[in-house]
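Shown next, in structure tokens, is the structure this report addresses.
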There are 2 protein chains.
Amino acid sequence: MKKYTIKDIAELAGVSKGTVDRVLHKRGKVSAAALEKVTRLLEEIDYQPNLIARSLKNTKDYHICVVQPDPEIDPYWQPCVDGVNDAIKEYKSFGITIDSYFFNHADTDSFFKINKTILQQRPDAVLITPIFHKESVEVIKQYNAKNIIVSTINDPLELNGITNFVGQDLIQSGRVAARLMEMIIPKNRTILIIHLDEVFNNSIHMQLKEKGFKNYLERLQHSNFTLKTCSLQQADLYDKLNGLLNNPNSVSGIFVTTSKVYSVAKIVDNFPNLDIKIIGYDLLDENIKYLKNNAIDFLINQNPKHQAYLCITQLAEYFLFDKKIPREKLLPIDIVNSENFDGYTKN
Amino acid sequence: MKKYTIKDIAELAGVSKGTVDRVLHKRGKVSAAALEKVTRLLEEIDYQPNLIARSLKNTKDYHICVVQPDPEIDPYWQPCVDGVNDAIKEYKSFGITIDSYFFNHADTDSFFKINKTILQQRPDAVLITPIFHKESVEVIKQYNAKNIIVSTINDPLELNGITNFVGQDLIQSGRVAARLMEMIIPKNRTILIIHLDEVFNNSIHMQLKEKGFKNYLERLQHSNFTLKTCSLQQADLYDKLNGLLNNPNSVSGIFVTTSKVYSVAKIVDNFPNLDIKIIGYDLLDENIKYLKNNAIDFLINQNPKHQAYLCITQLAEYFLFDKKIPREKLLPIDIVNSENFDGYTKN
DNA sequence: TTGAAAGCGCTAACAC
DNA sequence: GTGTTAGCGCTTTCAA
């Protein structure tokens with residue numbers, strides 16, 4: 001069970017370390033005889049290079065830039081920032097520097113400006129949260145032109161030029177919500193699907209979730225739910241929802257396609273005798289408050305913190321240890337209720 | 001943003017690398033003046049040692065032994081083995097050798113025998129799956145006496161001498177199941193709690209889950225479920241359950257505290273008009289089959305594969321990079337239905 | 001085509 | 001007390 005090093009191989013083959021290295025990396029300039037001998041030896045002993053040593057040699061400092069919506073403007077993004085910060089700490093001692101940049105999630109100009117700055121820095125990789133689809137495509141092209149690796153989280157779209165994507169299957173996510181809804185409301189009732197602030201956000205997300213949700217329910221054999229979709233602005237939510245709920249039995253379940261589900265729960269809370277079930281997204285403190293008192297029945301955890309952290313991890317291990325980066329990593333769609341949320345929130 | 005090395009510090013402080021190292025590791029034999037100067041400098045520039053270099057120096061081969069129930073005897077343990085095997089592959093190139101040993105989960109002698117063999121090998125750490133509690137306590141003492149690190153997964157008990165534990169909060173796990181059950185069966189019905197093969201397994205697990213389950217339901221304000229507990233052997237299951245189910249409306253929900261929930265689902269499937277809800281544990285193929293056709297309503301994922309993998313990861317990063325090992329790592333309690341299982345099964 | 005040698009950053013033994 | 005030095009395993013340059 002001895003650990004063989006290049007030196008061992010060299011001695012066994014009667015050549016120098018340099019030659020072994022040339023064989024290992026197929027750098028040519030090796031005689032047929034030596035090639036043959038070393039190759040066989042390598043196979044025989046199942047040589048595994050010491051990745052630590054290899055990495056040490058490569059003393060380059062790697063540089064990753066992260067482009068995210070500013071959490072001070074939309075706190076939804078705070079978990080992503082937290083995930084990135086964890087990664088910063090973890091990889092600092094490994095010679096990987098990570099810089100965070102924030103844009104205004106309602107302002108494409110700020111997005112462009114930041115990417116321009118980053119381009120000039122020529123980092124080794126950039127992680128972007130592409131909430132502006134069209135604009136992202138453009139920016140990614142520029143990064144690719146300079147051979148800068150581009151990673152994304154959170155975006156379900158096929159973006160060309162992306163090296164790796166970490167996220168969730170959003171259609172499936174809608175199906176998960178639908179199955180849950182099916183289980184907790186009586187057959188044949190009416191379900192409301194609410195998209196909140198669609199114009200200001202990446203509406204593709206909401207549409208895919210809706211698609212999955214409908215798709216699941218429409219194919220059911222023995223029940224026949226009525227589905228109503230509303231795309232609303234926060235400002236209009238109160239009036240609209242109040243109107244609907246004052247008409248009793250009109251709605252039995254509400255599926256909110258975003259993390260703003262607490263604002264729906266807050267209104268529904270005023271109708272305690274209606275027993276309306278609510279399913280939505282993300283473990284915001286506000287959402288968990290309603291989850292705890294059963295005003296929200298289920299939350300689906302998109303795990304933005306882990307998405308961001310994992311994405312950087314993949315890049316770091318690629319730089320340090322040449323570990324292959326999976327092109328797409330789909331995280332599980334966590335179902336969260338009042339009893340298991342803290343397993344997902346605390347770390 | 002320069003990366004400072006020991007050499008840099010030495011030059012800045014006007015001392016040698018050796019002295020800096022002595023300060024860093026508090027090895028004494030440093031004059032007050034030098035100590036003061038170097039210490040301040042280190043703080044000033046927030047020196048971070050290069051962990052790769054440090055690790056390379058330490059060329060020792062670490063050795064971890066894993067003691068698990070034989071998956072050929074009880075396939076429940078296969079995921080753990082898979083997790084360990086993943087870790088073996090991953091850390092092979094980092095100078096960490098991991099050996100797997102299997103005991104018969106129904107034979108304490110085999111457990112002792114294997115631990116005896118391992119003790120003689122004097123590994124750096126051992127990961128045991130302590131399904132025999134009393135016996136494990138004994139064995140752990142012996143490891144501790146030889147300064148061998150002991151890690152465990154899957155066991156909720158306070159075992160003294162354990163360095164780290166990776167697992168789940170089993171009482172909370174029962175509460176999760178209870179909350180789910182509450183949502184999917186009508187109020188005030190009867191719920192059956194089934195422990196399968198309790199004598200042959202670690203019954204503590206089942207008891208804790210039951211405790212959490214009951215605890216949740218008993219404190220509900222507006223409903224009043226009747227709870228019945230059965231501890232059964234596989235062989236008796238069919239007769240007992242048939243008896244119960246032939247008495248209509250006797251049972252509305254069944255909570256199975258182990259992964260053998262499929263064997264309950266199989267029997268309940270013969271009573272299609274009863275609409276009995278079933279909740280159980282673990283993503284065995286057999287369970288997923290019933291989950292898919294809604295015969296099982298929810299499974300709780302204990303994620304044995306990840307438990308094992310994570311545990312070894314923690315040990316490896318401790319050996320390689322001196323990363324602190326958390327004494328206890330509680331994994332989230334994943335709720336799984338027919339729509340999100342594949343996020344947890346495929347990797 | 002090949003071997004020798006330097007060096008990545010850190011540690012520790014050894015000489016002064 | 002302190003500085004020097006060798007060396008961890010691998011890569012790469014340079015001279016032969």
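We name chains A, B, ... by the order of the sequence lines, and we start the count at 1 in each one.
- Pairs passing the salt bridge (Lys or Arg N to Asp or Glu O under 4.0 Å) check and including a residue from residues 28-43 of chain B, sequence neighbours excluded, read B/Glu36-B/Arg40.
- For B/Lys305 and B/Asp86, the salt-bridge test passes: some basic side-chain N is under 4.0 Å from an acidic carboxylate O.
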### Message
I'd like to know whether A/Phe321 forms a ring-ring contact (aromatic ring centres under 6.0 Å, His included) with B/Phe94, so could you lay out the CA-CA distance, the side-chain angles of the two residues, the decisive distance to 0.1 Å, and finally the verdict.
### Response
CA-CA 10 Å; A/Phe321 305 122; B/Phe94 289 94; 4.8 Å; yes

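- Rounded to whole Å, atom C1' of C/dT2 lies 18 Å from atom CD of A/Glu36.
- Electrostatic pairing of B/Asp124 and B/Lys60 counts as a salt bridge here, judged by a charged N lying under 4.0 Å from a carboxylate O.
- Phosphate proximity of D/dG9 to B/Thr59: present, with a side-chain N or O under 4.0 Å from OP1 or OP2.
- Look at A/Thr5 and you won't find any side-chain N or O under 4.0 angstrom from OP1 or OP2 of D/dC8.
- Whole-Å rounding puts the A/Ile9 CD1 to D/dG9 C1' distance at 12 Å.
- Nearest nucleotide to the side chain of A/Ile6, out of D/dG1, D/dT11, C/dT11: D/dT11.
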### Message
Test side chain to side chain contact (heavy atoms under 4.5 Å, CB included) on B/Ile131 and B/Trp77; report intermediate values, then the result.
### Response
CA-CA 11 Å; B/Ile131 64 170; B/Trp77 299 100; 3.6 Å; yes

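- Each of B/Thr19 and A/Lys7 has a nearest nucleotide on DNA chain D; the 5'-most of these lies closest to B/Thr19.
- Residue B/Asp21 contributes atom CG, which lies 17 Å from atom P of D/dT5 at whole-angstrom precision.
- Rounded to whole Å, atom P of C/dT11 lies 18 Å from atom NZ of B/Lys29.
- Between the side chains of A/Asn154 and A/Thr129, no donor-acceptor pair of N or O atoms lies under 3.5 Å.
- Put simply, CG on A/Leu320 is 14 Å from P on C/dG9, counting in whole angstrom units.
- Rounded to an integer number of Å, the gap from B/His25 NE2 to C/dA13 C1' is 15 Å.
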Would you tabulate the pairs of protein nitrogen or oxygen atoms and nucleotide nitrogen or oxygen atoms of nucleotides 13-16 of chain D closer than 3.5 angstrom?
none

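- The closest donor-acceptor contact from the side chain of B/Gln307 to the backbone of B/Gln302 lies under 3.5 Å.
- Note: NZ (B/Lys57) to P (D/dA6) measures 13 Å, nearest angstrom.
- Within residues 40-53 of chain B, the residues having any heavy atom closer than 4.0 Å to DNA chain C are, in order of number, B/Tyr47, B/Pro49, B/Asn50, B/Ala53.
- In this structure, B/Leu56 places its CG atom 13 Å from P of C/dA12, rounding to the nearest Å.
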### Trace of the salt bridge (Lys or Arg N to Asp or Glu O under 4.0 Å) decision for A/Asp21 with A/Lys26
CA-CA 8 Å; A/Asp21 189 67; A/Lys26 302 191 174 61; over 6 Å; no

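- Between A/Tyr91 and A/Tyr62, a ring centre-to-centre spacing not shorter than 6.0 Å is recorded.
- Listed pair B/Ser16 / D/dG3 meets the phosphate criterion, a side-chain N or O lying under 4.0 Å from OP1 or OP2.
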